[in-house]
Number of protein chains: 2
Amino acid sequence: MTVVGNFFTVRDDLPGRRGRTGVIHTPHGDIHTPAFVAVGTKATVKAVLPETMKELGAQAVLANAYHLYLQPGPDVVDEAGGLGTFMNWSGPTFTDSGGFQVLSLGSGFRKVLAMDTERVQADDIIAKGKDRLARVDDDGVTFTSHLDGSTHRFTPEVSMGIQHQLGADIIFAFDELTTLVNTRSYQEQSVRRTHDWAVRCVTEHRRLTLARAGKPYQALFGVVQGAQYEDLRREATRGLVGIRDEDGRGFDGYGIGGALEKQNLATIVGWVTDELPDDKPRHLLGISEPDDLFNAVAAGADTFDCVSPSRVARNAAVYSNDGRFNITGARYKRDFTPIDAECDCYTCAHYTRAYLHHLFKAKEILSATLCTIHNERFIIRLVDRIRASIGSGDFDELRDHVLGRYYSQRPA
Amino acid sequence: MTVVGNFFTVRDDLPGRRGRTGVIHTPHGDIHTPAFVAVGTKATVKAVLPETMKELGAQAVLANAYHLYLQPGPDVVDEAGGLGTFMNWSGPTFTDSGGFQVLSLGSGFRKVLAMDTERVQADDIIAKGKDRLARVDDDGVTFTSHLDGSTHRFTPEVSMGIQHQLGADIIFAFDELTTLVNTRSYQEQSVRRTHDWAVRCVTEHRRLTLARAGKPYQALFGVVQGAQYEDLRREATRGLVGIRDEDGRGFDGYGIGGALEKQNLATIVGWVTDELPDDKPRHLLGISEPDDLFNAVAAGADTFDCVSPSRVARNAAVYSNDGRFNITGARYKRDFTPIDAECDCYTCAHYTRAYLHHLFKAKEILSATLCTIHNERFIIRLVDRIRASIGSGDFDELRDHVLGRYYSQRPA
């Protein structure tokens, strides 16, 4: 088994808080943290070439085990030489375990997310499989493909097998996703289940790593659940930190997942990072809003991923230092300025709001490409600036300056 | 009025035939002919960045007056600094007059194209406006927008005005499109009408050029119609060649348009080029099939445009030296070779058939981007090779070699 000597190096600390800068060392290069990881769900960052992602500063790409399991199948990716080779991305890669997707893509789950108070009903729909799209039991999850309605089953061992075939540098343990509206007793049961699955993931990861000797080592991250409950989050974290395989090896890093209320994000991340060792990286799953990024970094998160910058770009919503706006607005038809005059991206250097407005009105594919380039660059650059500000001691000044403009003004 | 001294230079001739190589000199650079001009209908080559088009060898881009008139409007493009600036393409540009689109986008016209023999009925539908989407009269065409059903009118003067606002380096006279199934008498009437419109285009072009003094001169090409009739084609060509404005200036080049039966393409182009002066470039509208390209070049055509390479790419059809095939075929799911091992394009250098197959199955936008890059490069490179073969005296060898493989074999 390959020994990974120095997987993560801490560089600078944010005085008085848990925030820090560091470097994650992977077989495909270093990731300087804090870092925003671009999402390439199906082995492509939608509408953008991988070289363009690299040029705009993306350090790593995260793909999804659920989607790639269904299409093209992990064996195809394996035979292609792994995720990075398959998609022509030479840098570091992550794969999400599929836990979120097998549970969230069922229509019943979306119904639960839309509810506010009926907690018992939420438990029923999710856990007992009343939506008939995903049924959770202590061994794993049986679910229905969102593509063709066929039935599949993920267990911790299946997820590890898929992620080993996909071959990303950083992979995640298989976890159960709950919502803010599940009952407390369901959350307790779920945290126990996610812990048991984490143990099985570590065991299976060791077995598969030994079986695939000679391939680059894949780092395994445990995923902390526990929703909005401090005791559950802390208990879940301590539980994961204590897991060791028979060689004494634990998780290489940790993901922070599950239901996070925006207003409590910093608090919840803080509970978790309180309990985590400093020498392992922490990935916060699914956030990219500017205020969330500052809060999460200050609370000690190192990396982030989110589909939002590219998803909203395809719907014509673009970021600027003065807030987000929709380029299809009539006022942009004859606006010959860039999206954001202060942005250094390819799109802002070469195209006007009027042209982007036209591309959306004309339903042209290039609209998605150009606005995704801008949005990904905007968020990646923001996180790069946050990283630099920790080194230079200007974090609070940067936060106040950026968030003050972003949330208080209306875009020109 | 700007005097264009040396708009077109002939270099090498194809012995015994009308084919030749040359250089078209435009304010935005030279076009080495024969050349395939990429189509960017709505001021974007669908799914591909302009820098990528330049890297893959595109010398010029052709956009469409009808589409840009409806969206975003020619005044917006004008205010942006013209077509090239608007779309971030620094090389030479063409605009099509809109004549083809105002007539062909009506559903009645498509019905005519689907018919074989009922010529009188075809005349009725097209000329008398029974489809109620486009009505031709001697002054112009009244048509219904395919976008919102609103009514518009193009005349030669309107088309010139739009194309002057769009600002392309090479623009086309407004012409009437007929089909192979119109009656002979309708074709005669139509050729006379297209001639009268050409006279009006030359007059209006002079007026607008003088009014917009200081802007780069836009070259105006007349369009030869006449369908499959030798006498009409020759008469139409001689008629256009004779047109002069009050300063004695004629067309800067000629387009060959209208109904062309594939099996008679070389013959029809030959009739036209027989009548054309050697010192003006000839653009054959709407072809890109390998056999058509060889035939058209040998018959004396200099430039070509066609939506086909990018349109079929978006439907997963890709060119190879051994013919065209559809990458969604099940046999390509685990095919880890490039589309064409002999191709020098970006897509073939970095991606496998298996990955492209996956992108189409996953309905990913990048599928359109990567296959368009390949197809455009394939056709542009083929025309580049044809150009080189004229210079080196190997035209016939190249034609036999390329067409022999392309049409007789099945792709691996």
Side-chain angles (χ1 to χ4, degrees), chain A residues 40-53 55 64 67-68 70-73 75-81 83 85-90 147 310 314 332-336 346-347 349-370 372-373, chain B residues 40-53 55 64 67-68 70-73 75-81 83 85-90 147 310 314 332-336 346-347 349-370 372-373:
Chain A
T41 304
K42 300 179 188 177
T44 159
V45 178
K46 291 184 194 303
V48 182
L49 293 172
E51 287 84 356
T52 307
M53 289 306 300
E55 281 162 24
N64 186 264
H67 286 98
L68 294 176
L70 292 177
Q71 169 60 45
D75 50 332
V76 171
V77 179
D78 190 13
E79 208 180 326
L83 175 63
T85 304
F86 186 54
M87 68 181 286
N88 185 33
W89 171 258
S90 59
L147 294 178
S310 65
R314 296 194 301 282
Y332 304 115
K333 180 170 181 175
R334 291 165 194 281
D335 184 339
F336 299 102
Y346 165 79
T347 301
H350 297 293
Y351 303 90
T352 61
R353 295 173 176 187
Y355 183 67
L356 299 168
H357 177 94
H358 161 63
L359 290 182
F360 276 105
K361 291 291 181 185
K363 298 183 173 60
E364 284 286 347
I365 290 173
L366 210 64
S367 62
T369 304
L370 293 177
T372 302
I373 288 171
Chain B
T41 304
K42 300 178 187 177
T44 159
V45 178
K46 291 184 195 302
V48 181
L49 293 172
E51 287 83 355
T52 307
M53 289 306 299
E55 281 163 24
N64 184 265
H67 286 98
L68 294 176
L70 292 177
Q71 169 60 46
D75 50 332
V76 171
V77 178
D78 190 13
E79 210 180 324
L83 176 63
T85 304
F86 187 53
M87 69 181 286
N88 184 34
W89 171 259
S90 59
L147 295 178
S310 65
R314 295 195 301 283
Y332 305 115
K333 180 171 180 173
R334 292 165 193 282
D335 185 339
F336 299 102
Y346 164 80
T347 302
H350 296 293
Y351 303 90
T352 61
R353 295 173 176 188
Y355 184 67
L356 298 168
H357 176 95
H358 161 64
L359 290 182
F360 276 105
K361 291 291 180 184
K363 299 184 172 58
E364 284 286 348
I365 290 172
L366 210 64
S367 62
T369 305
L370 293 176
T372 301
I373 289 171

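By convention in this document, chain letters (A, B, ...) are assigned in the order of the sequence lines, proteins followed by strands, and residues within each chain are numbered from 1. Nothing here was measured: the structure is a model prediction, and the numbers come from that model.
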Of A:K363, A:H358, A:E364, the one forming a side chain to side chain donor-acceptor pair (under 3.5 Å) with B:Q71 is A:H358
When the 4.5 angstrom heavy-atom criterion is applied to A:V77 and chain B, the contacting part is neither
Flag side-chain contact, heavy atom, 4.5 Å: B:I365 against A:R314: yes
For A:T44, is it the side chain, the backbone, both or neither that has a heavy atom under 4.5 Å from a heavy atom of chain B? both
Check: B:L370 and A:L49 side chains under 4.5 Å, non-hydrogen atoms: yes
How long is the straight-line distance from NZ of B:K361 back to CG of A:L70, given to the nearest 0.5 Å? 14.0 Å
For the residue pair A:N88 and B:Y346, establish whether any side-chain heavy-atom pair is separated by less than 4.5 Å. yes
Where is the tightest heavy-atom contact between B:V76 and A:K333, given as atom of each residue plus distance? CG1-O, 3.7 Å
Classify the ring geometry between A:F86 and B:Y355 as parallel (under 30°), tilted (30 to 60°) or perpendicular (over 60°). perpendicular
Which pair of non-hydrogen atoms, one from B:M87 and one from A:Y351, has the smallest distance, and what is that distance? O-CE2, 3.7 Å
Using a cut-off of under 4.5 Å for heavy-atom pairs, which of A:A362, A:G81, A:A368 has the most such pairs with chain B? A:A362
Segment of B:V45 engaging chain A (4.5 angstrom heavy-atom cut-off): neither
